[in-house]
K.L.:
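Below is one structure. I have some questions about it.
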Amino acid sequence: MANIYKNIQKLLDSTSPTQEMYVSPDETTSIVKTINLYNNHGSNLDVTVTIYDLSSTTTFEYQKITVVASDSVDLLTFNNVLVLEAGDKIQMQTSQANAITMTASVLETSRT
């Protein structure tokens with residue numbers, strides 16, 4: 001069993017219904033410790049965050065949040081964590097492409 005700490009950075013570069021921001025690898029449980037969203041756009045943007053649960057093949061709404069222009073917001077606070085099983089996904093959607101950057105700290109625990 002291997003533990004790997006990762007710093008995931010991804011630009012929300014599409015306004016499609018949802019964009020995959022992180023997928024938990026096969027044979028892995030991922031513990032998401034932090035998720036930070038930064039808005040580099042000139043106006044406030046609403047971001048919808050969903051979690052796709054592979055085991056139930058269902059997408060669940062996690063949070064809707066407004067990110068103020070040229071500012072950032074933390075999604076996980078007060079020692080909360082998000083646990084993802086293999087194949088689970090963090091997905092996001094906003095109305096302005098190339099304006100939101102996600103940074104997440106993840107601990108991946110592999111079963112192999």
Side-chain angles (χ1 to χ4, degrees):
M1 184 181 290
N3 292 331
I4 301 169
Y5 292 92
K6 289 195 172 183
N7 183 30
I8 310 296
Q9 294 183 320
K10 186 149 186 192
L11 179 65
L12 186 53
D13 59 7
S14 171
T15 59
S16 64
T18 57
Q19 183 174 341
E20 292 179 4
M21 303 301 282
Y22 174 76
V23 180
S24 186
D26 292 341
E27 300 294 321
T28 301
T29 299
S30 298
I31 301 170
V32 183
K33 307 275 286 171
T34 65
I35 300 174
N36 179 275
L37 302 179
Y38 177 74
N39 179 359
N40 64 16
H41 194 259
S43 61
N44 298 351
L45 292 172
D46 294 327
V47 179
T48 301
V49 181
T50 56
I51 305 298
Y52 175 77
D53 181 6
L54 181 64
S55 64
S56 67
T57 63
T58 306
T59 299
F60 297 94
E61 187 171 300
Y62 182 75
Q63 191 169 11
K64 284 187 178 180
I65 193 158
T66 299
V67 185
V68 176
S70 300
D71 203 358
S72 64
V73 63
D74 291 319
L75 298 184
L76 298 172
T77 58
F78 305 112
N79 293 322
N80 292 324
V81 296
L82 183 62
V83 178
L84 302 175
E85 299 169 334
D88 290 354
K89 304 172 186 178
I90 299 173
Q91 302 170 317
M92 296 185 187
Q93 189 273 329
T94 192
S95 62
Q96 179 68 42
N98 301 313
I100 299 289
T101 302
M102 178 199 78
T103 302
S105 298
V106 179
L107 169 60
E108 293 180 348
T109 302
S110 173
R111 293 186 293 258
T112 56

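A quick note: this is a predicted structure, and the numbers were derived from the prediction, not measured. Sequential numbering from 1 along the given sequence is applied to the chain's residues.
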K.L.:
So if you build clusters from Ile, Leu, Val, Met, Phe, Trp, Tyr with side-chain heavy-atom gaps below 4.5 Å, do Leu37 and Ile8 land together?
P.N.:
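In one cluster: yes.
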K.L.:
Is it true that, when you exclude Phe60 itself, more than 12 heavy atoms of the residues, nucleotides or ligands shown sit nearer than 6.0 Å to its CZ?
P.N.:
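Check passes, neighbour count above 12.
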K.L.:
With rounding to the nearest 0.5 angstrom, report the OG to CD1 distance, Ser30 to Ile4.
P.N.:
10.0 Å
K.L.:
Any chain of hydrophobic side-chain contacts (each under 4.5 Å) joining Leu107 to Val81?
P.N.:
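Yes, it is one cluster - the side chains of Leu107 and Val81 are joined through contacts under 4.5 Å.
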K.L.:
How many angstroms lie between CG in Asn80 and CD1 in Ile35, if you round to the nearest 0.5 Å?
P.N.:
11.0 Å
K.L.:
Distance from Ser70 atom OG to His41 atom NE2, nearest 0.5 Å?
P.N.:
10.0 Å
K.L.:
Does Lys33 have more than 12 heavy atoms from other residues, nucleotides or ligands lying within 6.0 Å of its NZ?
P.N.:
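Not more than 12 within 6.0 Å, no.
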K.L.:
Measure the spacing between CE of Met92 and NZ of Lys10 and express it to the nearest 0.5 Å.
P.N.:
10.0 Å
K.L.:
What pair of heavy atoms forms the shortest contact from Gln93 to Ser16, and how long is it?
P.N.:
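Shortest heavy-atom contact: CG-O, 3.2 Å.
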K.L.:
Identify the heavy atoms of Ser95 and Leu45 that sit nearest to each other, and give their distance.
P.N.:
OG-CD2, 3.9 Å
K.L.:
State, with a plain yes or no, whether a side-chain heavy atom of Asp74 is found less than 4.5 Å away from one of Thr34.
P.N.:
no
K.L.:
Could you give the distance from CG (Leu75) to CD (Gln63), rounded to the nearest 0.5 Å?
P.N.:
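Leu75 atom CG to Gln63 atom CD measures 5.0 Å (nearest 0.5 Å).
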K.L.:
Verify, without hydrogens or angle tests, whether Gln91 (side chain) and Thr18 (backbone) share a donor-acceptor contact under 3.5 angstrom.
P.N.:
no
K.L.:
I'd like to know if Leu12 and Tyr62 are part of one continuous hydrophobic network [Ile/Leu/Val/Met/Phe/Trp/Tyr, side-chain heavy atoms within less than 4.5 Å].
P.N.:
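Tyr62 clusters together with Leu12.
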K.L.:
Which heavy-atom pair separates Leu11 from Met21 by the least distance, and what is that distance?
P.N.:
C-CE, 4.3 Å
K.L.:
Strictly by modelled atom types, are Ser56 and Asp53 linked by a side-chain donor-acceptor pair under 3.5 Å?
P.N.:
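Yes.
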K.L.:
Write down the atom of Asn44, the atom of Ala69, and the distance for their closest heavy-atom approach.
P.N.:
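The pair with the smallest heavy-atom distance is OD1-N, 3.0 Å.
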K.L.:
Quick one: CD on Glu108 to OG on Ser24, what's the gap to the nearest 0.5 Å?
P.N.:
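Glu108 atom CD to Ser24 atom OG measures 6.5 Å (nearest 0.5 Å).
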K.L.:
Leu84, Leu76: one ILVMFWY side-chain cluster at the under-4.5 Å cut-off?
P.N.:
yes
K.L.:
Report yes or no: does Thr94 contribute a side-chain atom to a donor-acceptor pair with the main-chain N or O of Asp46 at less than 3.5 Å?
P.N.:
yes
K.L.:
Please determine whether residues Tyr22 and Ile51 belong to a single hydrophobic cluster, defined as Ile, Leu, Val, Met, Phe, Trp and Tyr linked transitively by side-chain heavy-atom distances below 4.5 Å.
P.N.:
yes
K.L.:
Compute whether any side-chain donor of one residue and acceptor of the other, for Asn98 and Asp13, lie under 3.5 angstrom apart.
P.N.:
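Judged by distance alone, the side chains do not pair up.
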K.L.:
For Glu61 versus Thr50, what's the shortest heavy-atom pair and its separation?
P.N.:
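Nearest heavy atoms, Glu61 then Thr50: CA-CG2, 3.9 Å.
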K.L.:
At their closest point, which heavy atom of Thr59 faces which heavy atom of Tyr52, and how far apart are they?
P.N.:
OG1-CD1, 3.4 Å
